[in-house]
K.L.:
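Supplied in structure tokens, the structure appears directly below.
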Protein chains: 2
Amino acid sequence: MEVGTVITEQQQRAARYAKALGHPVRMYVMELLSKQSCCYSGDISDELPIAKSTLSQHLKELKDAGLIQGEIELPRIKYCLNRENWNEAKLLFKQFFSV
Amino acid sequence: MEVGTVITEQQQRAARYAKALGHPVRMYVMELLSKQSCCYSGDISDELPIAKSTLSQHLKELKDAGLIQGEIELPRIKYCLNRENWNEAKLLFKQFFSV
DNA sequence: ATCTTTGTTCGTAAATTTACGAATTAAATG
DNA sequence: CATTTAATTCGTAAATTTACGAACAAAGAT
């Protein structure tokens, strides 16, 4: 995604977060986490009519984008917001929408 | 993208906007438009090192997502924010980030 | 030692996205 | 009527995304 020097670092970061949020399942997960801060993959899997492996893939994308983090708590994995990046995303979008 | 009744209409709409914003070029365009309200395809083409046809494609996606609208002003096309949907997006993201 | 539980990883297929250059359109201009 | 201008649409290729089920992993329970 080489777009020269015209596009700012902030725009790139905002686009990255937006992309991660650009799917209904991931939007749902993030909204859940922003409400209750933590959850298990199974909690989501029980609600959504998608394969577990598909959900895992979505969670991985959110993790790769830095929006969530997983903590092993066997036999489950506890997913939480990555507060630092969540706050960054919040700020970037706030600025973006209030220009 | 059939995801049952668990995912709300709002989440679907927010995901749709997020997806449209999920590319640096489109983020750049939207930020430009939110600053100056209108612009021509050529203005952007002069700045960004991408093919005109590629830019056209990105503009089409923003248009399909309802974030911008084009007005013919020959020989050019004037692109403007779609204020109504822009405001909806703003609201959805505001709610999303402030839960 | 085997079974259960909770998720991930693998393999794969279909669809979508991204990108480019060439061809096209549509009106204004010479 | 041919040219010019500004941008779109077409054709196409490569990469990424989305989705599923099967196979696997890792620790606790039986």
Side-chain angles (χ1 to χ4, degrees), chain A residues 1-4 6-7 11-12 14-30 32-33 38-80, chain B residues 1-4 6-7 11-12 14-30 32-33 38-80:
Chain A
M1 228 169 286
E2 192 43 66
V3 276
V6 191
I7 295 182
Q11 282 164 343
Q12 309 238 15
R16 213 172 134 70
Y17 288 130
K19 187 174 182 182
L21 295 173
H23 188 286
V25 166
R26 297 196 292 267
M27 194 51 102
Y28 172 85
V29 170
M30 289 310 295
L32 184 66
L33 283 181
C38 284
C39 76
Y40 299 95
S41 180
D43 301 345
I44 307 166
S45 197
D46 291 344
E47 297 297 326
L48 300 183
I50 59 170
K52 280 169 186 294
S53 55
T54 303
L55 176 58
S56 240
Q57 239 173 186
H58 284 303
L59 291 173
K60 182 173 176 348
E61 274 190 70
L62 288 173
K63 206 162 29 173
D64 289 349
L67 287 172
I68 65 174
Q69 54 203 140
E71 192 184 328
I72 295 170
E73 206 176 80
L74 283 155
R76 300 185 296 178
I77 293 176
K78 188 167 76 169
Y79 280 105
C80 302
Chain B
M1 229 169 283
E2 193 43 69
V3 278
V6 190
I7 294 183
Q11 282 164 345
Q12 309 237 17
R16 212 172 134 70
Y17 288 130
K19 187 174 181 181
L21 295 173
H23 188 285
V25 166
R26 297 196 294 267
M27 194 50 101
Y28 173 85
V29 170
M30 289 311 294
L32 184 67
L33 283 181
C38 285
C39 76
Y40 300 95
S41 180
D43 300 345
I44 308 165
S45 196
D46 290 343
E47 296 298 326
L48 299 182
I50 60 171
K52 279 169 186 291
S53 55
T54 303
L55 176 59
S56 240
Q57 238 172 190
H58 284 302
L59 291 173
K60 181 174 176 350
E61 274 189 70
L62 289 172
K63 206 161 32 173
D64 289 348
L67 288 172
I68 66 174
Q69 54 202 142
E71 194 185 325
I72 296 170
E73 206 176 80
L74 281 156
R76 299 187 296 179
I77 293 176
K78 187 168 77 169
Y79 280 105
C80 303

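Chain identifiers are assigned alphabetically (A, B, ...) following the order of the sequence lines, protein sequences preceding nucleic acid strands; residue numbering begins at 1 within each chain. Just so you know, these numbers come straight off a predicted model, no measurement behind them. All heavy atoms count here, side chains included; hydrogens, waters and symmetry mates do not.
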K.L.:
For A:S41, which of A:L59, A:I77, A:V29 qualifies under side-chain contact (heavy atoms from CB on, under 4.5 Å)?
P.N.:
A:L59
K.L.:
Return the minimal non-hydrogen interatomic distance between B:K19 and B:R26, and the atom names on each side.
P.N.:
O-NH2, 3.4 Å
K.L.:
Could you tell me whether A:I72 atom CD1 has more than 12 heavy atoms of other residues or ligands within 6.0 Å of it?
P.N.:
no
K.L.:
How bent is the helix from C:dA1-D:dT30 to C:dG30-D:dC1, comparing axes over its five end pairs at each side, to the nearest 10°?
P.N.:
0°
K.L.:
Are B:T54 and C:dT18 close enough that a side-chain N or O sits under 4.0 Å from OP1 or OP2?
P.N.:
no
K.L.:
Does D:dT17 have OP1 or OP2 under 4.0 Å away from a side-chain N or O of A:H58?
P.N.:
no
K.L.:
Quickly work out the B:E73 CD to C:dA28 C1' distance and round it to whole Å.
P.N.:
14 Å
K.L.:
Are A:K60 and A:D64 close enough that some pair of their side-chain heavy atoms sits under 4.5 Å apart?
P.N.:
yes
K.L.:
Counting only side-chain heavy atoms from C-beta out, which of C:dC20, D:dT18, C:dT18 sits nearest to B:I50?
P.N.:
C:dC20
K.L.:
Apply side-chain contact (heavy atoms from CB on, under 4.5 Å) to B:L21 and A:L21, showing your working.
P.N.:
CA-CA 10 Å; B:L21 295 173; A:L21 295 173; over 6 Å; no
K.L.:
Side chains of B:I68 and B:M30: does their closest heavy-atom pair fall under 4.5 Å?
P.N.:
yes
K.L.:
Would you say a side-chain N or O of B:H23 is under 4.0 Å from OP1 or OP2 of C:dA19?
P.N.:
yes
K.L.:
Less than 4.5 Å apart, any side-chain heavy atom of B:P24 and any of A:Q12?
P.N.:
yes
K.L.:
Measure across B:R16 and B:A65 and return the closest heavy-atom pair with its distance rounded to 0.1 Å.
P.N.:
NH2-CA, 4.0 Å
K.L.:
D:dT18 C1' sits how many Å from A:K19 NZ, rounded?
P.N.:
13 Å
K.L.:
Between atom CD in A:E61 and atom C1' in C:dG7, what is the gap in whole Å?
P.N.:
17 Å
K.L.:
Let me have a per-nucleotide readout for nucleotides 3-8 of chain D, 5' to 3', with B, S or -, counting only protein heavy atoms under 4.0 Å.
P.N.:
--BSSB
K.L.:
In whole angstroms, how far is the P atom of C:dG7 from the NZ atom of A:K78?
P.N.:
13 Å
K.L.:
Rounded to whole Å, how long is the line connecting atom CD of A:E71 with atom P of D:dA27?
P.N.:
16 Å
K.L.:
Output the rounded distance in Å from CG (A:L74) to P (C:dT8).
P.N.:
11 Å
K.L.:
For residues A:Y40 and A:K78, determine if any side-chain heavy atom of one lies less than 4.5 Å from a side-chain heavy atom of the other.
P.N.:
yes
K.L.:
Round to a whole Å and report the spacing from CG of B:L48 to P of C:dT18.
P.N.:
15 Å
K.L.:
Report the distance from atom CD1 of B:I72 to atom C1' of C:dA28, rounded to the nearest whole Å.
P.N.:
15 Å
